[in-house]
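Keep in mind that what you see is a predicted model, and the values were worked out from it rather than measured. We count residues from 1, following the sequence as given.
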Amino acid sequence: MIMRSQFAAFVRKESLHILRDKRTMLIVFMIPVVLTVLFGFAISTEVNNVNVSVAAPEITDGVRDAVRDLEANPYFTFVGYVRQDGIDDVLRSGRADAAIVFSRDYDRRQMLNYQGVDTGPGIQVILDASNVNKAQAATAYLGRILSGNAGQQDIFETRLLFNPQMKSSYNFVPGILGLIFILVCALMTSVSIVREKERGTMEVLLVSPVKPMRIILAKMVPYFLISSAVLAVVLLLAHFLLGVPMSSGVGGIIVISLVYVALSLCLGLLISTLVTTQLAALLLSAMVMMFPILMLSGMIFPIENLPGFFRGLSCIVPARWYIDAIRKMMIQGLPLASVAGDLAVLSGMASFIMLVALKKFNDRLE
């Protein structure tokens, strides 16, 4: 009981210390708001690689020719034929970004279109628009391939799934969440602990009756609560200001987000054991960790477009797994169980980083 009261007292002391620092609180809440609005409204990118499946009642010569054109085009990767009733599963699972559905009389329609006879759409293109970049690339280039040399742009129709309006905010909001929590949790936690070291107050705390691990955990609890408040603010902005759906429900999104918050706090604790100055902690948290998130997490550049080496390197970037899971849950409406693999990876990373950080902290005390 005494230990609990001591721990609660340290949490209260650290919380009051943070709340009294108005500049820190301003930064903690302003950065997420500014980044969410900026990326949601102002930034858009394009990609050059789209996985495509084909569905056709009969694999005719015309269908084979269209598939060969797809295979020869560097913007597309043909991933195989699929039954028409299996298109939704293929797109939801991520095995394909687009599906081309050929009509039964596609060959005849194609011949008549080349002769200038309007026969109506003979092809339907179904796109996963949860990733706006890929949907934009597919829409732009599939028309050129499927239209052939005759320049007939009306021989196919397009249907977009998950994000029919192709809003860039649907693509960037999950990435912003992955970036924000690294900035808020890892940066603020590492700087806070290192600041105590620089001022000499950490040594005073460590000679108190409270165990060192309780002191460290007490310093992390306020940032966990602040991050939870930041999560609520960003989700409200994303849904009501940017119109991003929460198709799978808010509960699952909150669960995996809190796991990611805990992982980010552990990263901050690890950084605090590696450096001795606030400037070093700031640089390591903001610069060294921010660039891998921007480049290797799928936030801006799709993982599939990265060279093999960097694709493998992205596996150790926690934001990659978090952003992938959030996109599936927010945009595609998949339940938490469908991202169990991503959740397991994030939980494993959090446990591993916590163990390493606590061990290094104990080694320094000894």
Using the rule that two of Ile, Leu, Val, Met, Phe, Trp, Tyr join whenever any of their side-chain heavy atoms come within less than 4.5 Å, decide whether [X] and [Y] are in one cluster.
X	Y	result
Phe352	Met354	yes
Ile271	Ile316	yes
Leu237	Val250	yes
Val317	Val356	yes
Val244	Leu236	no

(message) Is there a side-chain contact (heavy atoms from CB on, under 4.5 Å) between Leu358 and Thr273? Walk through the geometry before answering.
(response) CA-CA 9 Å; Leu358 292 180; Thr273 66; over 6 Å; no

Is the closest side-chain heavy-atom distance between [X] and [Y] below 4.5 Å?
X	Y	result
Ile326	Ile253	yes
Val90	Ile87	no
Trp321	Cys315	yes
Met330	Leu235	yes
Cys185	Phe224	no
Val261	Tyr223	no

(request) Show your working on side-chain contact (heavy atoms from CB on, under 4.5 Å) between Val259 and Leu263 and close with a plain yes or no. (result) CA-CA 6 Å; Val259 172; Leu263 189 155; 5.7 Å; no

(request) Before accepting this row, confirm whether a basic side-chain N of the pair Asp324/Arg320 lies closer than 4.0 Å to the acidic partner's carboxylate O. (result) no

(message) Would you call the rings of Tyr260 and Phe181 parallel, tilted or perpendicular, taking 30° and 60° as the class edges?
(response)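 If you compare the ring of Tyr260 with that of Phe181, the planes turn out perpendicular.
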
Rounded to the nearest 0.5 Å, how far does [atom2] of [Y] lie from [atom1] of [X]?
X	Y	atom1	atom2	result
Leu346	Leu258	CG	CG	12.0 Å
Leu187	Ser264	CG	OG	11.0 Å
Leu355	Leu270	CG	CG	11.5 Å
Ile182	Leu265	CD1	CG	9.5 Å
Met220	Cys266	CE	SG	4.5 Å
Phe78	Ser53	CZ	OG	7.0 Å

Counting N and O atoms only, with roles assigned by atom type, does the side chain of [X] sit under 3.5 Å from a partner on the main chain of [Y], one being a donor and the other an acceptor?
X	Y	answer
Asp97	Asn51	yes
Ser272	Leu269	yes
Thr189	Ala186	no
Arg92	Leu334	no

Do you know which two heavy atoms are closest between [X] and [Y], and how far apart they sit?
X	Y	value
Ile256	Tyr322	O-CE1, 3.9 Å
Pro174	Ile323	O-CG1, 3.6 Å
Ala281	Val194	CB-CG2, 4.1 Å
Arg95	Ser93	NH1-OG, 3.1 Å
Ala96	Val79	CB-CG2, 4.1 Å

(message) Looking at Tyr81, I'd like to know if its OH atom is crowded, meaning that more than 12 non-hydrogen atoms belonging to other residues, nucleotides or ligands lie closer than 6.0 Å.
(response)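 Yes - once you tally the heavy atoms of other residues, nucleotides and ligands closer than 6.0 Å, there are more than 12.
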
(message) Within the supplied structure, the quantity of interest is the number of heavy atoms (other residues, nucleotides, ligands) at a distance under 6.0 Å from Gln84 CD; does it exceed 12?
(response)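 No.
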
